[in-house]
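Below you'll find the structure, written out as structure tokens, and then a few comments.
Chain identifiers are assigned alphabetically (A, B, ...) following the order of the sequence lines, protein sequences preceding nucleic acid strands; residue numbering begins at 1 within each chain.
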Amino acid sequence: MNHHTQAAKDVEALLRGVEEMISPQDLEKKISSFYREGKPLVVKEGFDPSAPDIHLGHTVTLRKLRQFQDLGHEVVFLIGDFTGRIGDPTGKKESRRQLSEEEVLCNARTYAEQVNRILDPEKTRVEFNSSWLKDITLADLVVMMSHFTVARMIEREDFGERIKTGKPVGLHEFLYPVMQAYDSVSLRADVELGGTDQRFNLLMGRDMQRDFGQEPQVVILMPLLEGTDGVEKMSKSLGNYIGVNEPPFEVFHKTMTVPDFLIEKYFLLLTDVPENEIYKMKNETEKGILHPREWKKRLAYTIVKMFYGEDKARQADRDFEKAFVQSETPDGAREVVINMNQLEDGKIWIVKLLKMTGIPSSNSEARRLVQQGGVTLCNQRISDPELEVEIQNGDSLKVGKRGFYRLLLVE
RNA sequence: GGGGAGGUACCUAAGUGGACAAAAGGAGCGGACUGUAAAUCCGUCGGCUUAGCCUUCGAAGGUUCGAAUCCUUCCCUCCCCA
């Protein structure tokens with residue numbers, strides 16, 4: 001196979017799940033020259049250093065990065081430590097606390113651990129954008145900014161929207177796209193990945209690279225993944241996320257709570273299941289041959305398997321049946337460790353016990369939970385928030401509809 | 001620099017001296033139903049070992065028996081003009 005057809009094939013594979021690629025032709029050219037000259041493409045994505053918890057939403061682009069790696073290219077995992085210090089333009093109004101150097105490094109390490117479940121560490125280069133941004137002079141900045149216009153800036157949807165609705169837009173927020181674009185220049189990026197909400201920023205990168213006499217990067221926009229609520233983009237702060245570090249049972253169960261209409265999208269963006277198989281399942285579901293529940297279970301199974309392997313996936317599946325069909329405590333339930341000295345006569349105040357699970361954020365909330373019948377200890381519903389309950393090692397505790405726990409007593 | 005409008009709980013938003021821990025909706029949470037989900041219904045939604053008490057309405061002071069509401073200063077945002 002010659003370089004051309006190979007490149008075309010790569011591009012086709014890389015287009016899976018992509019919302020927009022600017023442009024496939026450019027990418028094909030770049031890949032062709034990779035095959036000709038052997039120089040891997042630099043594929044970049046930037047990450048915010050303040051939220052080091054990776055969830056399935058992040059993995060959409062990470063998986064795409066991985067795909068590039070598997071085709072022989074180099075991925076730059078860019079930690080936006082400099083940009084992150086100032087505040088995010090997409091953000092609400094909280095001004096961001098400055099992160100210390102240690103915090104950034106610590107977060108970066110946490111990031112790396114999680115990210116390596118998806119990326120190939122051998123082919124991943126971690127960079128911090130402070131390493132070039134901190135030395136920019138005001139004069140440099142003036143030159144860079146002169147390439148862009150206010151009109152362009154405010155035609156951006158999120159700025160435009162805020163202006164229209166009378167919400168503040170900080171001047172410094174205009175610096176964001178500029179700095180991000182400069183990252184691409186510094187890295188001589190060939191490709192940059194991001195969610196569709198990053199369209200503007202990534203396009204700025206192209207423009208600036210052109211200004212600096214570089215070949216513009218290819219921009220790949222992945223769809224935003226809705227979280228378990230099926231409406232909002234998956235995010236930690238909205239609590240609609242499925243974390244890659246969560247135990248198998250949680251991942252399985254949370255996936256099962258995703259609305260049906262997202263099953264197809266999840267399959268497409270989060271698994272390697274071939275597209276024709278996905279459509280086949282979809283078809284069967286529409287015809288009533290495959291129950292949506294079963295379809296979704298396959299999804300949950302596939303996702304757990306990716307992170308934990310086949311055995312754990314099977315167990316998570318069994319646990320799920322156990323918990324929700326037979327209403328029993330699953331084997332994969334989280335453990336609540338209780339020190340014996342926290343008991344009095346083998347008893348503990350129910351509210352205190354609940355707090356140990358971390359679910360209720362206050363005693364009042366724990367009380368409410370009890371009063372509303374959301375708490376079951378050893379299959380006994382508890383309704384009195386004043387109750388001192390007697391507990392034994394291995395007792396099962398259910399909090400709300402999805403919190404399964406097993407009590408572990410220690411000396 | 002001039003003029004105007006505002007800042008209320010997670011969000012939107014009522015309330016302009018007492019019945020206000022603060023209407024209404026949304027989100028969230030719990031229960032019922034289900035397929036796990038959606039839809040629907042009911043409940044809940046500042047904190048506190050809770051018939052009670054404590055802290056909230058941009059911030060700090062003040063007036064008052066009593067303040068989210070009145071006064072003063074300060075901080076912040078938006079709009080129009082320059």
Side-chain angles (χ1 to χ4, degrees), chain A residues 87 91-95 154 159-173 226-242 249-267 285 288-301 303-304 316-328 330 332 342 344 347-377 381-389 397-404:
Chain A
K92 322 274 147 129
K93 51 205 150 192
E94 332 111 43
S95 60
I154 60 177
F159 284 157
E161 188 57 29
R162 277 200 275 162
I163 289 167
K164 219 184 298 164
T165 56
K167 297 237 172 64
V169 177
L171 262 190
H172 68 287
E173 299 186 60
E226 289 84 353
T228 50
D229 60 352
V231 181
E232 301 289 344
K233 164 181 156 183
M234 190 180 283
S235 84
K236 198 183 176 192
S237 55
L238 290 172
N240 62 355
Y241 70 101
I242 304 174
F249 172 69
E250 303 285 330
V251 173
F252 195 100
H253 171 247
K254 282 192 178 186
T255 303
M256 289 306 284
T257 69
V258 167
D260 291 355
F261 62 84
L262 281 175
I263 302 174
E264 181 185 359
K265 188 170 182 179
Y266 269 51
F267 258 116
T285 300
I289 303 169
L290 180 65
H291 194 287
R293 180 177 188 275
E294 292 310 310
W295 189 23
K296 208 191 289 183
K297 279 186 72 174
R298 284 190 205 174
L299 173 68
Y301 180 87
I303 290 173
V304 174
D317 193 340
R318 273 200 304 274
D319 267 0
F320 179 79
E321 287 298 312
K322 207 170 166 186
F324 294 99
V325 180
Q326 296 154 40
S327 303
E328 284 174 30
Q342 290 174 294
E344 272 175 54
K347 289 182 172 180
I348 186 169
W349 182 31
I350 183 67
V351 167
K352 199 169 162 196
L353 178 63
L354 289 172
K355 284 292 294 274
M356 291 186 205
T357 67
I359 297 241
S361 59
S362 67
N363 286 8
S364 298
E365 197 177 315
R367 281 169 179 285
R368 244 175 263 139
L369 218 40
V370 174
Q371 272 160 349
Q372 297 182 137
V375 177
T376 310
L377 180 65
R381 179 166 289 186
I382 295 176
S383 51
D384 177 10
E386 304 303 329
L387 201 64
E388 302 273 335
V389 292
L397 175 70
K398 189 180 175 205
V399 185
K401 39 189 145 200
R402 56 195 78 163
F404 292 93

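- The distance between atom CH2 of A:W295 and atom C1' of B:G35, rounded to the nearest whole Å, is 15 Å.
- Applying the 4.0 Å criterion to OP1 and OP2 of B:G47, one finds that A:S362 has a side-chain N or O inside that range.
- Using a 4.0 Å heavy-atom criterion, one finds that A:K401 contacts the sugar-phosphate atoms exclusively.
- The salt bridge (Lys or Arg N to Asp or Glu O under 4.0 Å) test applied to A:K352 returns no partner, not counting sequence neighbours.
- Comparing B:C29, B:C45, B:U49 by their closest approach to the side chain of A:R368 singles out B:C45.
- At the heavy-atom level, A:S364 lies under 4.0 Å from base atoms of the strands shown.
- Shown here, B:C33 forms no base pair; nothing in the strands shown gives a Watson-Crick or G-U wobble contact with both key distances under 3.5 Å.
- The shortest distance between the side-chain N/O atoms of A:R381 and the OP1/OP2 oxygens of B:A32 is below 4.0 Å.
- Listed nucleotides B:C29, B:A37, B:G47 differ in distance to A:Q372; the shortest reach to its side chain belongs to B:C29.
- Every residue meeting the ring-ring contact (aromatic ring centres under 6.0 Å, His included) condition with A:F320, not counting sequence neighbours, appears here in chain and number order: A:F252, A:F324.
- Taking atom CD of residue A:E344 and atom C1' of nucleotide B:U49, one finds them 12 Å apart after rounding to whole Å.
- Put simply, the side chain of A:R367 and the base of B:U49 share no donor and acceptor less than 3.5 Å apart.
- The base of B:G47 does not come close enough to the side chain of A:N363 for any donor and acceptor atom to sit less than 3.5 Å apart.
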